Amino acid sequence: MTSAEQPKPYGTEQSKAPVPPRRVRTSYLQQLKDTGGRFAMLTAYDQHTAQIFDEAGIETLLIGDSAANNVMGHETTLPITLDEMIVFAKSVSAGAKRALIVCDLPFGSYEVSPAQAIESSVRLMKEAGVQAVKMEGGAHYADHVRAMTAAGIPVMAHVGFTPQSEHALGGYKVQGRGDAAQAVIDDATALADAGAFCVLMEMVPADVAAAVDAAVRVPTIGIGAGNATTGQVLVWQDMAGMRGGKAPRFVKAFADVRSVLSTAAREYADEVRSGTFPGPEHSF
Ligand code: KIV
């Protein structure tokens with residue numbers, strides 16, 4: 001490689017865009033924020049989707065506690081346990097080699113104290129191989145984030161609508177409208193100041209999310225939070241058109257995987273019933 005071809009040191013005039021790394025780390029997401037770049041995050045709960053999304057270049061994968069509704073069939077995210085999250089997270093870690101793997105701290109695994117949050121995070125990092133955790137809640141968790149960060153745990157804060165508090169919030173509702181906007185900005189700022197490497201915002205008005213992104217130094221991620229955040233996240237089944245029924249306004253289905261699977265299942269069953277599958281080429 002000639003000196004002209006050498007990647008320029010990050011931060012110089014000539015090299016505005018950071019070089020995509022072999023393994024995405026929190027520092028890379030920060031570089032993207034610093035240089036006006038953007039990144040994508042998707043949920044994943046199993047080895048194969050993790051591998052597909054990893055190979056597709058998705059920068060970060062989230063083992064969301066949305067596994068409770070999207071995989072396990074619960075009504076809310078509340079019932080999923082830390083042990084169950086560890087099973088899903090192990091599968092994702094086995095499938096993804098490049099993406100930054102972030103795992104949700106499920107309801108009941110961190111609220112009691114910073115020590116409880118550290119213990120749960122250590123289990124996720126040690127037993128399931130995740131590289132960061134995500135924790136729902138506002139400024140009142142700043143001490144948690146400070147203690148976790150000091151313990152070497154990268155923390156993604158999750159503010160705005162926090163599904164684990166849906167009963168306290170009175171259902172799935174946009175947060176931060178009108179006078180409530182400042183509270184979202186204050187939550188994000190307090191958590192970023194406490195050491196969170198990234199702030200995720202769910203269902204907040206686009207202008208409030210933009211104000212948060214401008215107020216915090218760290219990268220931001222949005223879901224139903226407009227277009228001004230550094231990154232975007234979607235639940236993969238929503239992104240791929242896997243689930244039936246009405247999707248939330250912020251969802252865009254980029255494929256119709258539900259139809260593809262349905263067609264495949266029908267064709268398979270037809271061939272089994274007609275005796276054409278398995279054929280000689282599938283037999284020993
Ligand atoms: O659990 C999850 O999937 C999430 C996303 C909605 C951000 O927290």
Side-chain angles (χ1 to χ4, degrees), residues 29 38-46 49-50 53 58-82 84-89 91-92 96 99-111 117 120-121 124 128 130 132-138 141 154-166 169 171-176 184 187-188 191 196-204 209 212-213 218-226 229-240 242-243 247-253:
L29 305 185
R38 290 175 183 238
F39 63 89
M41 180 186 227
L42 279 174
T43 66
Y45 316 101
D46 72 278
T49 52
F53 301 153
I58 300 296
E59 285 88 353
T60 72
L61 295 179
L62 171 68
I63 302 103
D65 59 355
S66 54
N69 350 45
N70 288 294
V71 182
M72 300 172 81
H74 294 299
E75 283 283 310
T76 71
T77 59
L78 275 69
I80 197 165
T81 65
L82 184 61
E84 288 166 339
M85 289 298 294
I86 287 172
V87 173
F88 290 122
S91 311
V92 171
L100 179 77
I101 303 173
V102 184
C103 187
D104 261 330
L105 284 171
F107 184 59
S109 72
Y110 62 93
E111 295 87 340
S120 299
S121 306
L124 287 169
V130 311
V133 300
K134 176 163 82 57
M135 191 172 74
E136 294 187 11
Y141 284 120
V155 184
M156 178 179 287
H158 181 154
V159 303
F161 178 70
T162 46
Q164 292 171 15
S165 307
E166 72 159 272
L169 295 171
Y172 268 68
K173 288 183 184 160
V174 174
Q175 304 293 308
V184 176
D187 282 342
L191 295 165
F197 75 88
C198 182
V199 177
L200 183 148
M201 288 170 274
E202 179 163 357
M203 290 212 297
V204 303
V212 167
D213 188 72
V218 296
T220 57
I221 303 184
I223 175 163
T229 51
T230 325
Q232 295 288 330
V233 58
L234 283 176
V235 167
W236 86 256
Q237 289 93 339
D238 292 342
M239 180 280 299
M242 171 75 164
R243 69 171 201 175
R249 177 188 166 96
F250 57 76
V251 165
K252 175 173 174 183

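FYI, side chains are in, hydrogens and waters are out, and symmetry mates aren't considered; it's all heavy atoms of this structure. All ligand and atom numbering here is 1-based and tracks the order in the structure. Just so you know, these numbers come straight off a predicted model, no measurement behind them.
- Among the atoms of Glu136, none of the N or O lies under 3.5 angstrom from an N or O of ligand 1.
- Close approach of ligand 1 to Gly64 is summarised as follows: ligand atoms under 4.0 Å from at least one heavy atom of the residue are 1 (O), 2 (C), 3 (O).
- Between Asp65 and ligand 1, an N or O atom pair is found at a separation short of 3.5 Å.
- Any N or O atom pair closer than 3.5 Å counts here, and Asp104 shares at least one such pair with ligand 1.
- For ligand 1, the atoms sitting less than 4.0 Å from at least one non-hydrogen atom of His158 are 8 (O), numbered in the order shown with element in parentheses.
- With respect to atom 5 (C) of ligand 1, the closest heavy atom belonging to the protein is Leu62 CD2, 3.9 Å.
- A 4.5 Å side-chain heavy-atom check between Ser121 and Leu105 finds at least one atom pair inside the cut-off.
- The closest donor-acceptor contact from the side chain of Gln232 to the backbone of Ala40 lies at 3.5 Å or more, if one exists at all.
- For the side-chain contact (heavy atoms from CB on, under 4.5 Å) with Ile63, the qualifying choice from Val130, Val133, Val102, Asp104 is Val130, the only one to do so.
- In terms of protein heavy atoms, atom 3 (O) of ligand 1 is closest to Ser66 OG, 2.5 Å.
- Using modelled atom types, no side-chain atom of Thr43 and backbone atom of Leu62 make a donor-acceptor pair closer than 3.5 Å.
- Ligand 1 places these atoms under 4.0 Å from at least one heavy atom of Ile223: 6 (C).
- Although no hydrogens or angles enter the test, the distance criterion places no donor-acceptor pair under 3.5 Å between the side chain of Asp238 and the main chain of Leu234.
- Looking only at distances, a side-chain donor or acceptor of Ser120 sits under 3.5 Å from a matching main-chain atom of Ser109.
- Each of Val159, Val233, Asp187 was compared with Met201 under the side-chain contact (heavy atoms from CB on, under 4.5 Å) criterion, and only Val159 meets it.
- Open room surrounds CE on Met242; 12 or fewer heavy atoms of other groups in view lie less than 6.0 Å from it.
- The ligand atoms of ligand 1 that sit less than 4.0 angstrom from a heavy atom of Lys134 are 4 (C), 8 (O).
- Atoms of ligand 1 found under 4.0 Å from any heavy atom of Thr43 (numbered from 1 in listed order, with element): 3 (O).
- By heavy-atom distance, the residue among Leu200, Ile63, Thr77, Asn70 lying nearest atom 7 (C) of ligand 1 is Leu200.
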